[in-house]
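Structure record follows, encoded as structure tokens.
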2 protein chains.
Amino acid sequence: MPNDNSTPDPASDKMLQNERDIRARLGDQPFDFDSLHVISNIYRAAAAVRRRAEREVLSGYGLSWGGFTILWVLWVWGEMETAQLANECDLAKGTLTGMVSTLEQQGLVQRERMQTDRRRVTVDLTTEGLSMIEEVFPIFNKFESDMSADLSTDEKRIAAEYLRRIITRHDED
Amino acid sequence: MPNDNSTPDPASDKMLQNERDIRARLGDQPFDFDSLHVISNIYRAAAAVRRRAEREVLSGYGLSWGGFTILWVLWVWGEMETAQLANECDLAKGTLTGMVSTLEQQGLVQRERMQTDRRRVTVDLTTEGLSMIEEVFPIFNKFESDMSADLSTDEKRIAAEYLRRIITRHDED
DNA sequence: GCGAACTAGTTTGGTACCGAACGACCACGC
DNA sequence: GCGTGGTCGTTCGGTACCAAACTAGTTCGC
């Protein structure tokens, strides 16, 4: 909210109730409630989004959140080495191995060893994987619109920008 | 792999590069990129926050993210029934059972059956649990400040408010 | 009272996820 | 050549998490 520096309103929603309880419990200790609030809301929003996406969109296609992410990244970026794919999907490489194996068993992606360096493996969509993501993504994108429908376009951009600052500040290395 | 059939613009940052790739790949299909952006940034930010919190703060105390959350909720709200605790921690009740058992083995919380209704169980901090959360929370809160240090106070409040709209819109059921 | 419907918590089966250990492979020294 | 170190991907051990089945306890109809 643009009104800065104001004492907490006697608001009626749950989050502010929660904050009031915290303040009452912890008294005047100099904790950073603004940071607490934004971080905990990030986590709750992410959990809500993921649960709902898996339940309402992805499970009908036999996809997990991670599996969908892999298909999506391969769709947009094309064939990719494992390490790069893990980085792009924001997953540990060991995690990726298992999920790629699952997708491979489902016939949605295929692995290929590189001839120039036989340690490396590239992953790419199969024809079925391409059909799958082309079918699922529009539905998933509608779901994303619905999840964020209480934000205006400008607000979405602002939120994305603020979140990007948190991600880039701490995602490196 | 960069886009193969369009001229890549000089990139300013990675997120925008990503979006440009998406647009180049998908052409002019009417997808909602603003919603896509905000949702995926929520998820990436949450994953980054959690990983970093567990690695840099919580693991030193033998706590997981979920375990810490339980201690925190009990600290602020006091003794609580299992169902209410699960709701407050945003966890499935079955998940909570296991995590409370872990915390119980660590001596940080204790369960108690209610006499009035012997199906119900309350959970509360032990003395050790109280010491633990009193020791860890200030450090965790500093971590939260650090994670969000690239946002001003007003920006944190705006972000928290926008995220709250996403949570409350879809958390009910 | 007494069994049927309900409810709170636990257990179960399965996936996802991480970090660390491992094994295959490459790129150098000598 | 042939080890030595580095770098891939995979495997392994463990926790976290969910949804659904289950169990013990309560309440309500009669």
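Just so you know, these numbers use all the heavy atoms, side chains as well, and skip hydrogens, waters and symmetry mates.
Side-chain proximity of Ala83(A) to the nucleotides dC18(C), dG9(C), dG9(D) is greatest for dG9(D). Ranking dC17(C), dG9(C), dC25(C) by closeness to the Arg118(A) side chain, first place goes to dC25(C).
Rounded to whole angstrom, the span from the CZ atom of Arg52(A) across to the P atom of dC18(D) amounts to 15 Å. Taking atom CZ of residue Arg113(B) and atom P of nucleotide dT23(D), one finds them 16 Å apart after rounding to whole Å. Distance CG (Asp90(A)) to P (dA16(C)): 16 Å, rounded to an integer number of Å. Summarising the geometry, the separation between CG on Leu91(A) and P on dT15(C) is reported as 17 Å, rounded to the nearest angstrom. Distance, Phe68(B) CZ to dC17(D) P: 14 Å, rounded to whole Å.
Taking only distance into account, the side chain of Arg119(A) meets the base of dT7(D) through a donor-acceptor pair shorter than 3.5 Å.
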**Q.** Candidate pair Arg113(B) and Thr122(B), rule side chain to side chain donor-acceptor pair (under 3.5 Å), full reasoning
**A.** CA-CA 6 Å; Arg113(B) 294 211 98 83; Thr122(B) 59; over 6 Å; no
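One finds no side-chain N or O of Thr95(A) lying less than 4.0 angstrom from the OP1 or OP2 phosphate oxygen of dA16(C). Remark: Arg55(A) is in phosphate contact with dA19(D), judged by side-chain N or O atoms under 4.0 Å from OP1 or OP2. A sub-4.0 Å separation between OP1 or OP2 of dT10(D) and a side-chain N or O of Arg111(A) is present. Here Arg51(B) reaches the OP1 or OP2 of dC18(C): one of its side-chain N or O atoms lies under 4.0 Å away. Thr82(B) has no side-chain polar atom (N or O) that falls below the 4.0 Å cut-off from OP1 or OP2 of dA8(C). Of the side-chain N and O atoms in Arg50(A), one or more sit less than 4.0 angstrom from OP1 or OP2 of dC17(C). Between Ser64(B) and dA16(D), a side-chain N or O to OP1/OP2 separation shorter than 4.0 Å is present.
Residue contacts for Leu96(B): at a heavy-atom cut-off of 4.0 Å it reaches no nucleic acid atom on any strand shown.
Here the side chain of Ser40(B) pairs a donor or acceptor atom with the backbone of Leu36(B) at under 3.5 angstrom. In this structure, Asn41(A) contributes its side chain and Ala160(B) its backbone to a donor-acceptor pair below 3.5 Å. Between the side chain of Ser152(A) and the backbone N or O of Glu155(A), at least one donor-acceptor pair lies under 3.5 Å.
Between Trp75(B) and Phe31(A), the ring-plane angle classifies as perpendicular under the 30° and 60° cut-offs.
Between Ala92(A) and Gly94(B), the one whose closest nucleotide on DNA chain C sits nearer the 5' end is Gly94(B). Where Lys93(A) and Gly67(A) each meet DNA chain C at their nearest nucleotide, the meeting point lying more 5' is that of Gly67(A).
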